Amino acid sequence: MSFQSEIVTWYLKNKRELPWRDTTDPYIIWLSEIILQQTRVEQGKPYFLKFLAHYPNVRDFANAAEEQVLKLWQGLGYYSRGRNMLFTARYVVEHYGGVFPTSYDELVKLKGVGNYTAAAISSFSSNERKAVVDGNVYRVLSRYFGVEEPINSNAGQKMFADLATELIANQEPSVYNQAMMEFGALQCKPKSPRCDECPIQIGCYAFKHKKVGLLPIKLKKVKVRKRWFNYFVGITNDEILAKQRTPGDVWQHLYDFPLIETQGEASLSDVDFLAKTQELFGKQLELKVLESKKHILTHQIIYVQFFAIDNYIVNFNLRTEIKSVKINDFKQLPHPKIIGDFVEKHID
DNA sequence: AAATCGGGGGT
DNA sequence: ACCCCAGATTT
């Protein structure tokens, strides 16, 4: 049997039941694929079900408010995906009369849809012969065929794309694509792959040359930036101080609290830090540390401190983006995970 | 070509 | 601690 036939046979026997697998509706597939970008199936699944329940079709999605979409997205990360989805849903209603496109060439023009996602939607919805190349496929191809070109170099991307295109010839595109990804996810895993019970062990370059742990090759490790966020929780009666995050930084468009970022851990005994807080909240300000946490992102480690503030006067001229909103309204807004967790734990 | 964008899970 | 996840977009 060929490499492809072995993979497909393995797939038909071992595939998971997933809620987006038994449809050819391009809208539903689009929903699942955007959610699953850089996201594990088990993490994305509840979000997929939630979004489908709220927006059963692309017109429902297009009619949503951006803050509602971001609220549903809360906790999933890479929030521009949610905003791009809303833009694309409205675009599809406007330019395609609400009929979601199924061809690769149309799909790849949509905001938030790149090579991978266009190949996935087109092959799953209309069986178009476009090979998906995601992290799973890189790994399976790299190991089996011994491709040692880095998967994140230009040369490597083209090499893997060309190889994947060759391999999908004469295959059933929808099934073959899903088989490759499922095989990578369950069998040819990044760590501790199941080589002992692998149907294509015999032809595998990496297994033969004991390079399974070395492939695929990936360049550059991200250098992590450390940051210190000092949040100020100001509550008077039934209102709380809120701030919407602006473009050019993490969590843009989401809502958090008034913030002073420092270059190291801020302390109430630090006169410099105290001066900044008084500039923003007045001389009578009383501060108290509520909680300290470490929040880890891909490119940043953020040390977060939450301060309760009393007897404060907000210098709105200094920070015009700060608003005072009803606590119940604040809870309805989309927040970064660390803020959402804080609110749930500390704010009644 | 490199940097940026989250949060969670595996080893 | 480090790597990866059904990647895309911006710089």
Side-chain angles (χ1 to χ4, degrees), chain A residues 11 15-16 18-21 29-48 70 73-85 87-88 107-121 123-124 131-140 142 150-158 160-161 164 174 177-186 188-193 213-225 245 247-254 293-302 334-341:
Chain A
Y11 172 69
K15 68 175 177 179
R16 292 168 287 185
L18 298 175
W20 47 82
R21 276 232 241 262
I29 295 166
W30 167 74
L31 207 54
S32 71
E33 290 300 339
I34 304 294
I35 287 172
L36 291 173
Q37 286 168 1
Q38 291 294 287
T39 303
R40 290 168 186 276
V41 163
E42 290 309 316
Q43 187 188 3
K45 199 189 289 181
Y47 284 85
F48 168 79
L70 287 175
W73 202 275
Q74 182 171 315
L76 193 55
Y78 287 165
Y79 295 92
S80 65
R81 289 183 292 172
R83 288 165 29 80
N84 286 339
M85 284 188 95
F87 181 94
T88 290
L107 288 162
V108 81
K109 295 177 192 166
L110 302 176
K111 192 169 288 190
V113 177
N115 285 331
Y116 162 77
T117 305
I121 301 174
S123 65
F124 300 160
V132 295
V133 185
D134 74 334
N136 293 307
V137 176
Y138 279 124
R139 189 168 54 253
V140 173
S142 159
I151 63 174
N152 54 349
S153 70
N154 263 3
Q157 301 224 343
K158 177 163 174 39
F160 282 98
S174 173
N177 274 339
Q178 299 199 54
M180 286 291 289
M181 292 193 283
E182 193 79 331
F183 188 80
L186 300 183
C188 195
K189 298 183 291 181
K191 305 291 181 187
S192 45
L214 301 176
L215 293 174
I217 290 170
K218 193 172 183 178
L219 295 175
K220 306 165 245 165
K221 28 226 168 246
V222 296
K223 60 165 187 266
V224 179
R225 176 162 64 125
R245 295 188 60 80
D249 202 349
V250 291
W251 305 321
Q252 50 177 285
H253 299 281
L254 303 191
K293 288 197 125 179
K294 183 165 83 166
H295 192 68
I296 299 173
L297 307 178
T298 301
H299 296 261
Q300 312 182 8
I301 298 179
I302 305 177
H335 308 297
K337 180 75 160 58
I338 185 113
I339 301 296
D341 287 352

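Quick note on labels: first sequence line is chain A, next is B, and so on, each numbered from 1. Small disclaimer: the values here were computed from a predicted structure and weren't measured.
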Exercise. Taking the P atom of each, how far is C/dA8 from B/dG9, in whole Å?
Worked result: 23 Å

Seminar exercise, completed: Of the candidates B/dG6, B/dC5, C/dA6, the side chain of A/Gln300 sits closest to B/dC5

Exercise. Starting at the 5' end of DNA chain B and moving along, which residue's nearest nucleotide shows up first, A/Lys223 or A/Arg81?
Worked result: A/Lys223

Exercise. So, does A/Arg81 use its side chain to make a donor-acceptor pair with the main chain of A/Ile35 at under 3.5 Å?
Worked result: yes

Seminar exercise, completed: Here the distance between atom P of C/dA6 and atom CD1 of A/Ile35, to the nearest Å, is 14 Å

For this session: Specify the separation, in whole Å, of atom NZ of A/Lys189 and atom C1' of B/dG10.
Result: 9 Å

Exercise. Roughly how many Å is it from CG in A/Leu297 to C1' in B/dG8, rounded to a whole number?
Worked result: 12 Å

Exercise. Does the gap between the ring centers of A/Trp251 and A/Tyr79 come in under 6.0 Å?
Worked result: no

For this session: Quick one: label A/Arg21 by what it contacts on the DNA or RNA (base, sugar-phosphate, nothing), any heavy atom closer than 4.0 Å.
Result: base

Exercise. Of all the nucleotides listed (B/dG6, C/dA6, C/dA8), which has the minimum atom distance to the side chain of A/Gln37?
Worked result: C/dA8

Problem set entry | Phosphate OP1/OP2 of B/dG7: any A/Trp251 side-chain N/O under 4.0 Å | yes

For this session: Could you work out which one of C/dC3, B/dG6, C/dA6 sits closest to the side chain of A/Lys191?
Result: C/dC3

Exercise. Just checking A/Asn115: base, sugar-phosphate only, or nothing, at a heavy-atom cut-off of under 4.0 Å?
Worked result: sugar-phosphate

Problem set entry | Rounded distance (Å) that lies between atom P of C/dC3 and atom CZ of A/Arg40 | 14 Å

For this session: Go through the N and O atoms of the side chain of A/Thr117 and the base of C/dG7, and report whether any donor-acceptor pair is under 3.5 Å.
Result: no

Exercise. When rounded to the nearest 0.5 angstrom, what is the spacing between CG in A/Leu76 and CG in A/Leu36?
Worked result: 9.0 Å

Seminar exercise, completed: Output for pair (A/Ser32 OG, A/Ile121 CD1), nearest 0.5 Å, gives 7.5 Å

For this session: Would you classify A/Asp249 as touching base, sugar-phosphate or nothing, given that sugar-phosphate means primed atoms plus P, OP1 and OP2, and contacts are heavy atoms under 4.0 Å?
Result: sugar-phosphate

Exercise. What interatomic distance, in whole Å, is found between C1' of B/dA3 and the corresponding atom of C/dA6?
Worked result: 23 Å

Problem set entry | Exam field: side chain A/Glu33 to backbone A/Thr117, donor-acceptor pair closer than 3.5 Å | no

For this session: Select base, sugar-phosphate, or nothing to describe what A/Val137 touches, counting heavy atoms under 4.0 Å on all strands.
Result: nothing

Exercise. Start at the 5' end of DNA chain C and walk down; is the nucleotide closest to A/Gly112 or to A/Thr39 reached first?
Worked result: A/Thr39

For this session: Find out whether A/Lys45 and A/Leu18 are in side-chain contact, i.e. whether some heavy atom of one side chain is under 4.5 Å from a heavy atom of the other.
Result: yes

For this session: Could you check whether A/Ser153 gets within reach of a base, just the sugar-phosphate, or nothing at all, counting any heavy atom under 4.0 Å?
Result: nothing

Problem set entry | Distance, rounded to the nearest Å, where A/Ile34 contributes CD1 and C/dA6 contributes P | 15 Å

Seminar exercise, completed: Residue pair A/Ser192/A/His295 against DNA chain B: nearer the 5' end by closest nucleotide is A/His295

Seminar exercise, completed: When rounded to whole Å, the CD to P distance for the pair A/Glu33 and C/dC5 reads 15 Å

For this session: Check whether any side-chain nitrogen or oxygen of A/His299 sits under 4.0 Å from OP1 or OP2 of B/dG6, and answer yes or no.
Result: no

Exercise. Given the C1' atoms of C/dT9 and B/dG8, what is the spacing between them in whole Å?
Worked result: 23 Å

Exercise. Is there a donor N/O on one and an acceptor N/O on the other, under 3.5 Å, for the side chain of A/Arg139 and the base of C/dC4?
Worked result: no

Exercise. Can you check whether A/Tyr138 has a side-chain N or O nearer than 4.0 Å to OP1 or OP2 of C/dA6?
Worked result: no

Exercise. If you look at every strand shown and take non-hydrogen atoms under 4.0 Å, does A/Ile301 touch a base, only sugar-phosphate, or nothing?
Worked result: nothing

Exercise. Which base sits across from B/dG6 as a Watson-Crick or G-U pair, both distances under 3.5 Å?
Worked result: none

Exercise. B/dC5 phosphate, OP1 or OP2: any side-chain N/O from A/Thr298 under 4.0 angstrom?
Worked result: no

Exercise. Does a distance-only test, which skips hydrogens and angles, find a donor-acceptor pair under 3.5 Å between the side chain of A/Gln43 and the base of B/dG7?
Worked result: yes

Exercise. Under 4.0 angstrom, heavy atoms only, what part of the nucleic acid is A/Trp20 near: base, sugar-phosphate, or nothing?
Worked result: base

Exercise. Between B/dG6 atom C1' and A/Tyr78 atom OH, what is the distance in whole Å?
Worked result: 6 Å

Exercise. Want to settle it: does A/Gly184 or A/Lys111 sit nearer the 5' end of DNA chain C, counting the closest nucleotide to each?
Worked result: A/Gly184

Exercise. Taking the six-membered ring where the residue is Trp, are the ring centres of A/His253 and A/Trp73 under 6.0 Å apart?
Worked result: no

For this session: Figure out the CE/C1' separation between A/Met180 and C/dA6, and round it to whole Å.
Result: 13 Å

